[in-house]
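The model shown is predicted, which means the values in this text are computed figures rather than measured ones.
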Amino acid sequence: MSAIERPVPPLNADERTTLESWLDFHRITLAMKCEGLDDERAAVAPVPPSGFTLTGLVQHMAEVERNWFRRVFAGEQAPPIYDPQADTRGPDGGFDLAEGATLHDALATWQAEITRSREHCANRALTDTGRFMDQDVSLRWIYVHMIEEYARHNGHADLLRERIDGTTGV
């Protein structure tokens, strides 16, 4: 049984509540996938030859939160968190672990980015826009994209966690 509470999104709510609830559901799911792991196990790449780890996935999602909500939606000049050269290789990196990287630190950074994301979206309309690829992109589109991004990566997290210690079903 998880110590983390994950409410089911409301079955009949307005659009914004539905989108934000599903995004939070998937954010919490990732936290649950990491629950109870120590830094060493979370840094293991359990599916060779891939170097994909849970710590790297959490780092990546911190980068994704920063990119879409701070850089794209709010227009902040927020540099990449984990790789100063990430913009030259493509946005939303973070998968590679630096020496000494810990799950604890990655989770704290990710949670801080989620807090900033919420701040940028508070009191903004779903039709408000940021800029992406020289085009306007609505907050609605960003929410849907983020739900998709988390859902896809939570599937990866399921497989990683099962390979690490057999935990399934979260």
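Side-chain heavy atoms closer than 4.5 Å link hydrophobic residues (I, L, V, M, F, W, Y) into clusters, and following such links, even through other members, never connects Leu159 to Leu37. Using a 4.5 Å cut-off between side-chain heavy atoms of Ile, Leu, Val, Met, Phe, Trp and Tyr, with links allowed through other members, Ile147 and Leu30 fall into the same hydrophobic cluster. The cluster map of Ile, Leu, Val, Met, Phe, Trp and Tyr, joined by side-chain heavy atoms under 4.5 Å apart, puts Trp110 and Tyr82 in different clusters. Cluster annotation: Phe69 is connected to Met133 through the hydrophobic network of ILVMFWY side chains, with a link wherever side-chain heavy atoms come within less than 4.5 Å. In the hydrophobic cluster analysis, where Ile, Leu, Val, Met, Phe, Trp and Tyr join through side-chain heavy atoms closer than 4.5 angstrom, Leu107 is grouped apart from Val44.
In this structure, Asp24 contributes its side chain and Ser21 its backbone to no donor-acceptor pair below 3.5 Å. Asp38 places a side-chain N or O within donor-acceptor distance of the main-chain N or O of Arg41, the cut-off being under 3.5 Å. Of the possible donor and acceptor atoms, one in the side chain of Arg161 sits under 3.5 Å from a partner among the backbone N and O of Lys33. A donor-acceptor pair under 3.5 Å links the side-chain atoms of Gln59 to the main chain of Asp96, judged by distance alone. Side chain of Asp128 to main chain of Leu139: no donor-acceptor pair is present (N/O by atom type, distance under 3.5 Å, no hydrogens or angles).
The aromatic rings of His153 and Phe95 sit perpendicular, their planes meeting at an angle over 60°, well past the 30° parallel limit.
The stretch residues 108-117 participates, sequence neighbours left out, in these salt bridge (Lys or Arg N to Asp or Glu O under 4.0 Å) pairs: Arg66-Glu113, Arg70-Glu113, Glu76-Arg116, Arg116-Glu119. Applying the side-chain hydrogen bond (donor to acceptor under 3.5 Å, both in side chains) definition to pairs two or more places apart or across chains, none involves residues 48-58.
The shortest non-hydrogen separation linking His156 to Phe52 is CB-CE2, 3.4 Å. What you find for Pro10 and Ala13 is that their closest heavy atoms are CG-CB, 3.8 Å. Taking every heavy atom of both residues into account, Gly56 and Leu97 meet most closely at N-CD2, 3.5 Å. Looking at every heavy atom in both residues, Pro80 comes nearest to Arg71 through CG-NH1, 4.2 Å.
Ring centroid separation for the pair Tyr143 and Trp22 does not come in under the 6.0 Å cut-off.
One distance of note links CD of Glu63 with OG1 of Thr109; it measures 9.5 Å at 0.5 Å rounding. Here the straight-line distance linking atom CG of Leu126 with atom CD1 of Ile142 works out to 10.5 Å at 0.5 Å rounding. Note: Leu103 CG to Leu54 CG = 7.5 Å, rounded to the nearest 0.5 Å. With values rounded to the nearest 0.5 angstrom, Tyr150 atom OH is found 14.0 Å from Phe25 atom CZ. With rounding to the nearest 0.5 Å, the separation of OG1 in Thr115 from CD in Glu65 is 9.5 Å. One finds the SG atom of Cys121 at 5.5 Å from the CZ atom of Phe73 (value rounded to the nearest 0.5 Å).
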Would Asp105 and Asp39 count as a side chain to side chain contact (heavy atoms under 4.5 Å, CB included) here? Give the steps. CA-CA 9 Å; Asp105 289 346; Asp39 293 330; over 6 Å; no
What verdict does the side chain to side chain donor-acceptor pair (under 3.5 Å) test give for His60 and Glu149, after you've listed the backbone C-alpha separation in whole Å, the side-chain angles of each residue and the deciding distance to 0.1 Å? CA-CA 11 Å; His60 171 70; Glu149 180 92 6; 3.1 Å; yes
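Counting non-hydrogen atoms of neighbouring residues, nucleotides and ligands closer than 6.0 angstrom, the CG atom of Asp14 exceeds 12 such neighbours.
A heavy-atom distance below 4.5 Å is not found between the side chains of Val137 and Arg131. Two residues are said to be in side-chain contact when any heavy atoms from C-beta on lie closer than 4.5 Å; Leu57 and Cys34 fail this criterion.
The side-chain contact (heavy atoms from CB on, under 4.5 Å) test with Asn154 is passed by exactly one of His26, Met61, Arg27: His26.
With 3.5 Å as the limit, one finds a donor-acceptor pair spanning the side chains of Glu148 and His145.
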